[in-house]
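Since we're looking at a predicted model, the values are computed, not measured.
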2 protein chains.
Amino acid sequence: MRILIVEDAQDMAEAVAIRLTRAGMACDLAGSCGEAHDFLAVQSYDVVVLDINLPDGMGTEVLQALRARADRTPVLMLTALFSVDDRVSALDLGADDYLTKPFDPRELEARVRALHRRESGQKAEELRLGALRFNPAAMSATRDGARLDLTRRELTLLALLMRNAGKTMSKERLYQGLFSFDDADVGLNAIELYIARLRKKLTGTGVVIETQRGLGYCLRATP
Amino acid sequence: MRILIVEDAQDMAEAVAIRLTRAGMACDLAGSCGEAHDFLAVQSYDVVVLDINLPDGMGTEVLQALRARADRTPVLMLTALFSVDDRVSALDLGADDYLTKPFDPRELEARVRALHRRESGQKAEELRLGALRFNPAAMSATRDGARLDLTRRELTLLALLMRNAGKTMSKERLYQGLFSFDDADVGLNAIELYIARLRKKLTGTGVVIETQRGLGYCLRATP
DNA sequence: TCTTCGACGATCAGGATGCGCATGGGATCT
DNA sequence: AGATCCCATGCGCATCCTGATCGTCGAAGA
């Protein structure tokens, strides 16, 4: 799950980011409307957490711009204001939820999760390919009922590939799914590393990861 | 198991909450339709106990709103009214069960449990894994007929794991089931603590709790 | 068709990180 | 008074990622 946090107060933003990251979400931080626009132009998110007061304008501008291009990404507004008008106008502009400061980070986490749940509508069915089964609910991959021993990164990578089985996934695309911008210093060959590990653990499953030189990787069943 | 109790009569609400809490359920209390909506926007519940008479409207509104967004959470209606019409309309709106006041708290507890069992697709009342047997109604776990001496939290945690045996349960997921919003300041490592205690008490039962670093915990029978 | 070169990908080992476990102790409930 | 519950802290180790080296593919030229 990919989250954009738009908040100018550094400490607040980081606290939130740490919390959500622990919860398994990949977070990007934007400190202003401008930055937010940049991020949103480049990357799509599952949920946007949006502060109203920003140094270069109101957060509602970001929301408006988003909705103006028919982007339905769930938005959670943060506000120090107590005014009912502000809340109402935020909701009218297409915000999906709001939270007034100060708030319990636990509550924020829960709301973000709720928004995502509402949006994705509980699409948790088992994926199959070859002798391999991937169960999103159990967070596990099995072969003939035997559970594959995968680490967190390996599992999310496999999930990405399974959901796009047969399609060529560029290294950048996989990178986006695995890391957040905070992991900015992570090299691209980290992907190659996890591909290699996955390949080893997938031997005998009737599933292989093909390398498409210069293009990316592709998961497919062996004939 | 996480329960939302929507009831404006303070004493009644608390009595129910205490009863269910003792039975190992994590309860949140809402005193009005508005509060109920807030809770439901943020947290998903296993069962909602819903009074019909609320200060700011009818409980059925909450039910309607819930079903309107395709939320199938089991709802148990409480009503002082004796009218058959009310019961019928409640059931038509998607309530799963109802109880007329005054009621025996034991009956409420049993019905809540039944609703949850039905929803989660559990066949038998008793759950078995390895040499371990768990009885949700009696809140007791036995091994070869000998009762394991578990505390309330330990039992609740075991219940969660037994119901999802074989699935990896994230620490956050377990947290949601164990604690209510009133326990807001409880840290995440409380989970680790109870896992450790449970593990000790489960030695010899043919059941182990596996740690999946960064992912969560998984209960399974030893081969 | 064969060769050569360049670039991309695979692999390995080692160090940093942070997760999960254990212990002790204080607070709260029975 | 006793049990239960939960926090704080420190340690050990699985995981993660880097950096460098080796392998390999493919295009261009003869």
**Report entry** Contacts of B:R117 that satisfy salt bridge (charged side-chain N to carboxylate O under 4.0 Å, His left out) - sequence neighbours left out
**Finding:** B:E125
Report task. Quick one: list whatever passes salt bridge (charged side-chain N to carboxylate O under 4.0 Å, His left out) with B:R213, sequence neighbours left out. Result -> none
Would you indicate which nucleotide in [options] comes nearest to any side-chain atom of [X]?
| X | options | answer |
| --- | --- | --- |
| B:V186 | C:dG20, D:dC6, D:dC5 | D:dC6 |
| A:R153 | D:dC16, D:dC5, D:dT18 | D:dC16 |
| A:T151 | D:dT15, D:dC17, D:dC5 | D:dT15 |

Query raised in the report: Among all residues two or more places apart in sequence or in another chain, which pass the ring pair (Phe, Tyr, Trp, His ring centres under 6.0 Å) test with B:F39?
Result: B:F181
Distance-only check: which donor-acceptor pairs under 3.5 Å involve side-chain atoms of residues 215-223 of chain B, not counting sequence neighbours?
{"unit_1": "B:T222", "atom_1": "OG1", "unit_2": "B:G206", "atom_2": "O", "d": "3.3"}

According to side-chain hydrogen bond (donor to acceptor under 3.5 Å, both in side chains), who are the partners of [X], at least two apart in sequence or on a separate chain?
| X | result |
| --- | --- |
| A:R147 | B:T168, B:Q212 |
| B:T73 | B:D71 |
| B:D149 | none |

Query raised in the report: In terms of the nearest nucleotide of DNA chain D, which residue is placed more toward the 5' end: A:D149 or B:F179?
Result: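 It is B:F179, whose closest nucleotide lies nearer the 5' terminus.
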Report task. Using five base pairs at each end, measure the axis-to-axis angle across the helix from C:dT1-D:dA30 to C:dT30-D:dA1 and round it to 10 degrees. Result ->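 Computed from the C1' atoms at both ends, the axes differ by 40°.
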Query raised in the report: Is there a donor and acceptor pair, one atom on the side chain of B:R213 and one on the base of C:dC19, closer than 3.5 Å?
Result: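 Side chain to base: pair found, below 3.5 Å.
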Query raised in the report: Going by number, which of residues 190-204 of chain B have a non-hydrogen atom under 4.0 Å from DNA chain D?
Result: B:A190, B:L193, B:Y194, B:R197
